[in-house]
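These notes concern the structure reproduced below.
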2 protein chains.
Amino acid sequence: MEALAALADPTRRRIVALLAAGEQGAGELADQFPVSRPAISRHLRVLREAGLVQVRAEGQRRVYALDPRPLSELDAWLAPYRRLWAQRLDALDTEMARGRRARTQEDGR
Amino acid sequence: MEALAALADPTRRRIVALLAAGEQGAGELADQFPVSRPAISRHLRVLREAGLVQVRAEGQRRVYALDPRPLSELDAWLAPYRRLWAQRLDALDTEMARGRRARTQEDGR
DNA sequence: AACGTGCGTAACTGGACAGTTAAGTAACTT
DNA sequence: AAGTTACTTAACTGTCCAGTTACGCACGTT
């Protein structure tokens, strides 16, 4: 769950969001932020160490791509808690749909 | 997404995990950690400010309970990325289960 | 070979944060 | 009312982290 610490920073979350749309060079990325290039370089390093992005050298360009695996890990971490708000929603459902058809039981998976 | 910063700390994640099993007093919580009581108190404050826990005074005890709403928010934040590894897993599925029965399609909800 | 471009690393600074001990507040006990 | 229990807040310390400017390195160009 090292990804959580990496994602705690809003700049890094924006980088992740940008890369979700497709890979980009370090410079292109940096141009979209109000901070200096080295700052972005450091953010990319943190993301890299957290496994969230991967680099590929292409000439003298460094192309960054998102690696979704840590996000999937995060999803897995979140999974056991899901019932907590599902419950809430279920309760809401129950409240809202009193007298719906009885076949409402569908546990996950 | 302030919850992400709160959850970046392992101690706070453990507190959240403990509270998922049921509410607890501050002291009971603190006893399960190798750090001092004030330290736990501060962690609880951070969690409280992130909306992840709620306190209730019961005599001189402070009973803490998990509030799953920020977790659900986090889940919602994660949702758009889900396709990224779903793709991956689909590819894996395809590879692993060449010629499994065709009725494999069950999207969530 | 000299130079420009694209990025990364180094060194430094300011601010946030987790931990500690000590002190403060509120409720129950006797 | 004096003391104990349960917890928080205050004040301080060390460490980490995001930002900056300056420098270094590799690739490509002419």
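These numbers were taken from a predicted model, which means no experiment stands behind them. Residue numbers begin at 1 in each chain, while the letters A, B, ... track the order of the sequences.
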Legend entry - Neighbours of DNA chain C within residues 1-32 of chain A, by heavy-atom distance under 4.0 Å: A/Ala26, A/Gly27

Legend entry - Beyond-backbone contact of B/Met1 with A/Arg13, side-chain heavy atoms, under 4.5 angstrom: yes

Legend entry - Sugar-phosphate, base or nothing in reach of B/Phe33, heavy atoms under 4.0 Å: nothing

Inset, instruction - Go through residues 54-62 of chain B and report each residue with a non-hydrogen atom lying under 4.0 Å from DNA chain C, sorted by number. - result: B/Gly59, B/Gln60

Legend entry - Flag side-chain contact, heavy atom, 4.5 Å: A/Asp67 against A/Leu52: no

Inset, instruction - Step through it carefully: locate the ring centre of A/Tyr81, locate the ring centre of A/Trp77, and say whether they are under 6.0 Å apart. - result: yes

Inset, instruction - Indicate yes or no: does B/Glu23 engage B/Arg62 in a salt bridge with an N to O separation below 4.0 Å. - result: no

Legend entry - Span of DNA chain C, from the first to the last nucleotide whose atoms fall under 4.0 Å of chain A heavy atoms: C/dG6 to C/dT9

Inset, instruction - May I ask you to test the B/Val55-B/Val63 pair for a side-chain heavy-atom distance under 4.5 Å? - result: no

Legend entry - DNA chain D-proximal residues of residues 36-48 of chain B, any heavy atom under 4.0 Å: B/Arg37, B/Pro38, B/Ser41, B/Arg45

Inset, instruction - With the side chain counted from C-beta on, respond yes when A/Ile15 and A/Tyr64 share a heavy-atom pair under 4.5 Å apart, and no when they do not. - result: no

Legend entry - Boundaries of the DNA chain D segment in contact with chain B, non-hydrogen, under 4.0 Å: D/dA6 to D/dT9

Legend entry - Reported CG-to-CG distance for the pair B/Leu47 and B/Leu7, which is rounded to 0.5 angstrom: 7.0 Å

Legend entry - Side-chain donor/acceptor of A/Arg82 to backbone N/O of B/Ser72, under 3.5 Å: no

Inset, instruction - Give every residue pair that meets the salt bridge (Lys or Arg N to Asp or Glu O under 4.0 Å) criterion with at least one member in residues 33-45 of chain A, sequence neighbours excluded. - result: A/Asp31-A/Arg37, A/Arg45-A/Glu49

